[in-house]
Every structure is written in C-alpha cells, then in structure tokens.
Amino acid sequence: MRVNMAVTANAGFLPTRGSWMLDFVVVAMVAVVILLSLSIGLVRYRHQYLWHKRIQVTLGVVLLLAVTAFEVDMRFVTDWRALAEPSPYYSSDSWSPVWIALLIHLAFALPTTLLWIAVIVTGLRRFPHPPAPGPHSSAHRLWGRIAAIGMWGTAITGWGFYYLAFVAAG
Ligand code: HEM
C-alpha cells in the first residue's frame, strides 16, 4: 500500500483531506458563530451587558490565539495546495474556484479581524464598568453589527473554501 507521508503527517480528524488545523478551525467556527449569536441575543433581548462583554472578550482572545496558530501552521507546516490538488475546483497554475473562494474569504476575514480589535478596545474603554448603555452605544451598535456580520461572513466563506478545496473530489 502506498502512503503519502506529506498528507498522513497532517491528517485531520474529519473524513476529508483537511489537515488537523484546518479541521479544527472549520469546527471551531461553528462554536464561534453560535456563541456570537447567543451574546448578541443576550444583550439585545435580555440586557445582559456583562455576559455580552465576557463572551465577546473571550471570543476575541481565543480567536486571536487560534488565528496566530493557524497562520503559523499554514505558512510553515501544512502545504494546503497539495491537499487541494485532487479537487476538481483547484488548479495550481491558473484561476480556479478554490482561489476565488479564498479571495472572497480573505475579503471578509482580514477587515473583520481589524474591526473586532477596534470594537473590543473601544468597548472596553468607552463603556462604564460594569458595562451599561451610554454615549458610546449608538456607535457600538453600528460597528458591532458590522463586526458580527463580518464574522458570520468569514465563517460561511471559510466553510465554502474548505468544501471546494478539501472535500470535493473529482
Ligand atoms: C467584537 C466584539 C463585539 C461585538 C461584535 C459586539 C456587538 C454588539 C451588538 C451587535 C450590539 C447591539 C445589539 C442590539 O441591540 O441590536 C451590542 C451592544 C452592546 N455591547 Fe457589544 N459587541 C462587542 C464587544 C463589546 C464589549 C467588549 C463590550 C463592553 C465592554 C460591549 C458592550 C455592549 C453594550 C453595553 C451594549 C448595549 C448598547 C446599547 O444597547 O445601548 N460589547 N454589541
């Protein structure tokens, strides 16, 4: 039996071609989306400002650590292009759906990262302790909604990229 060491060394836990880190991020984003929706529901319908703050700051810190680990893995450990090679939607030397999906995903992920840092830092600085509505509310509601939409978009486009690159088979 022929074993491809490059692939087995990175083997993930989902029945796909994804590496461990890719699989982890794909599953973790389900939890992020659920917790984010819960946190916004808590502040919007129950006025649970402190729980909203706790969940958002925790999500922010965990996401920052996960993104750093993911970047290191993608740059130095996992050759995702080799894992995407069997996909009918991937081509290494020309534009293909996988590259377009990656571009759309990055168009959500990069601005969303910066926006989350800004929304969390200004929230911590401008809301009182413990958190409650105040002069910062209207700006925070606007940018908080955009930041949340950005994170949902990041998750959905990330799952799309993962499917095209590491699930689809020719
Ligand atoms: C990226 C992180 C965050 C996001 C995406 C976010 C998102 C939101 C959204 C969408 C709302 C409006 C809900 C609605 O009524 O429709 C909201 C309200 C609120 N958030 Fe955040 N938030 C974040 C971080 C924080 C932090 C760190 C704090 C506290 C230090 C905070 C405190 C509040 C408060 C007090 C309100 C209620 C404002 C009001 O209705 O007057 N948020 N947030």
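First listed ligand is number 1; within each ligand, the first listed atom is number 1. As the structure is a computational prediction, the values presented were derived from the model and not from experiment.
Remark: minimum distance from atom 15 (O) of ligand 1 to any protein heavy atom is reached at Arg44 CG, 3.6 Å. The protein heavy-atom contact nearest to atom 5 (C) of ligand 1 is Gly144 O, 3.5 Å. Residue, atom and distance of the protein heavy atom nearest to atom 12 (C) of ligand 1 are Arg141 CG, 3.5 Å. In terms of protein heavy-atom proximity, atom 34 (C) of ligand 1 is nearest to Phe127 CZ, 3.7 Å. What sits closest to atom 4 (C) of ligand 1 on the protein, heavy atoms only, is Gln56 NE2, 3.6 Å.
Cluster annotation: Ile156 and Leu115 are assigned to distinct hydrophobic clusters (Ile/Leu/Val/Met/Phe/Trp/Tyr, side-chain heavy-atom contacts under 4.5 Å, transitive). Hydrophobic clustering, with ILVMFWY side chains joined whenever heavy atoms are under 4.5 angstrom apart, keeps Ile55 apart from Phe127.
The closest side-chain donor-acceptor pair between Tyr163 and Thr16, if any, does not fall under 3.5 angstrom.
No salt bridge links Glu85 with Arg81; every basic N to acidic carboxylate O contact stays at or beyond 4.0 Å.
Between Val25 and Tyr162 there is no side-chain heavy-atom pair separated by less than 4.5 Å. Contact annotation: the side chain of Trp99 never approaches that of Ser91 to less than 4.5 Å [non-hydrogen atoms, C-beta and beyond]. Between Leu38 and Trp51, every side-chain heavy-atom pair lies at or beyond the 4.5 Å cut-off. Looking only at side-chain heavy atoms (C-beta outward), Pro86 and Arg17 come within less than 4.5 Å of each other.
Under 4.0 angstrom from ligand 1, the non-hydrogen atoms of Arg145 come from both its backbone and its side chain.
If you put the vertex on atom 21 (Fe) of ligand 1, NE2 of His52 and NE2 of His140 sit 180° apart, to the nearest 10°.
Residue contacts with ligand 1: Trp116 is placed with no nitrogen or oxygen under 3.5 Å of a nitrogen or oxygen of the ligand (distance criterion only). Looking at ligand 1, you won't find any N or O of Tyr49 less than 3.5 Å from one of its N or O atoms. Taking any N or O of Lys53, backbone or side chain, none lies under 3.5 Å from an N or O belonging to ligand 1.
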Practice item. List the steps and the verdict of ring pair (Phe, Tyr, Trp, His ring centres under 6.0 Å) for Trp80 and Phe161. Key: CA-CA 12 Å; Trp80 74 263; Phe161 168 72; 5.4 Å; yes
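Taking every non-hydrogen atom of Ser137 and a distance limit under 4.0 Å, the qualifying atoms of ligand 1 come out as 38 (C), 39 (C), 41 (O). Heavy-atom proximity to Leu124, at under 4.0 Å, picks out these atoms of ligand 1: 30 (C). Near Gly123, the atoms of ligand 1 lying under 4.0 angstrom from a non-hydrogen atom of the residue are 30 (C). Heavy-atom contacts of Val43 reach the following atoms of ligand 1: 13 (C), 17 (C), 18 (C), 19 (C), 36 (C), 37 (C) (cutoff under 4.0 Å).
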